[in-house]
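The structure under discussion appears below in the form of C-alpha cells.
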Amino acid sequence: MGGKVLDYEAKTIYMNGKNDGIALGMAQGVAQGMAQGMAQGMEQGVAQGVAQGRASMVLDMIKDGLEIGTIARIARMSVEQVNELGRKAVLE
C-alpha cells in the first residue's frame, strides 16, 4: 500500500510542477512579447513622427518659395522626394 501512495504523490507533485512550469513559461512569454511589441510600436511611432515633422518642414519651405535644391539639401532628401511631397500636399 505504501508504494501506491508514494507513486500517487510523486505523480501529483510531477503534474503540479509541470503545470506551474507551463504557467510560468506562458506568463514570461506574454510579458516578453508585450515588451517587445511596445518597444517596436514606440520605435515606429518616433520614426513616423520624425517623418511627419520633416514633411511639414519641407512643405513650409516650399510655401516660403525656397528653391527645391536648397530644400532637398537642408532636409537631406532628394529633389524627387521634395517634389513628391509638394505634389501630395497639393492633392490633399
Side-chain angles (χ1 to χ4, degrees):
M1 174 114 166
K4 288 183 181 182
V5 171
L6 289 177
D7 189 40
Y8 174 78
E9 286 183 20
K11 286 180 183 177
T12 301
I13 291 169
Y14 169 78
M15 290 306 295
N16 287 341
K18 181 179 175 182
N19 291 337
D20 289 349
I22 289 170
L24 179 62
M26 288 176 64
Q28 288 175 342
V30 167
Q32 184 179 359
M34 287 177 65
Q36 286 176 344
M38 287 174 35
Q40 242 180 357
M42 286 178 60
E43 203 173 283
Q44 290 173 349
V46 168
Q48 190 175 26
V50 168
Q52 287 175 344
R54 180 180 285 177
S56 178
M57 176 188 68
V58 166
L59 293 175
D60 287 344
M61 288 189 280
I62 291 171
K63 289 175 189 173
D64 285 348
L66 268 69
E67 292 183 15
I68 299 299
T70 302
I71 297 171
R73 183 179 50 78
I74 292 170
R76 294 189 173 108
M77 299 171 78
S78 70
V79 170
E80 291 80 20
Q81 289 171 314
V82 172
N83 283 328
E84 181 64 23
L85 275 174
R87 280 192 291 276
K88 283 182 182 178
V90 169
L91 293 176
E92 292 176 354

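Keep in mind that this is a model prediction, so the values were computed, not measured.
- Remark: Ile74 CD1 to Arg76 CZ distance equals 10.5 Å, nearest 0.5 Å.
- Closest non-hydrogen pair, Val58 versus Ala75, comes out as CG2-CB, 3.6 Å.
- More than 12 non-hydrogen atoms from other residues, nucleotides or ligands lie less than 6.0 angstrom from CZ of Arg87.
- To the nearest 0.5 Å, atom CG of residue Leu59 and atom NZ of residue Lys63 are 6.0 Å apart.
- The number of heavy atoms from other shown groups lying within 6.0 Å of CD (Glu84) is above 12.
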Requested in this report: Evaluate the criterion side-chain contact (heavy atoms from CB on, under 4.5 Å) for residue pair Met77 and Leu85; output intermediate values, then yes/no.
Outcome: CA-CA 11 Å; Met77 299 171 78; Leu85 275 174; 3.5 Å; yes
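- Among Val82, Asn83, Val90, the single residue meeting the side-chain contact (heavy atoms from CB on, under 4.5 Å) criterion with Ile62 is Val82.
- A distance of 8.5 Å separates CZ of Arg54 from CD of Gln81, quoted to the nearest 0.5 Å.
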Requested in this report: List the steps and the verdict of side-chain contact (heavy atoms from CB on, under 4.5 Å) for Glu67 and Ile71.
Outcome: CA-CA 6 Å; Glu67 292 183 15; Ile71 297 171; over 6 Å; no
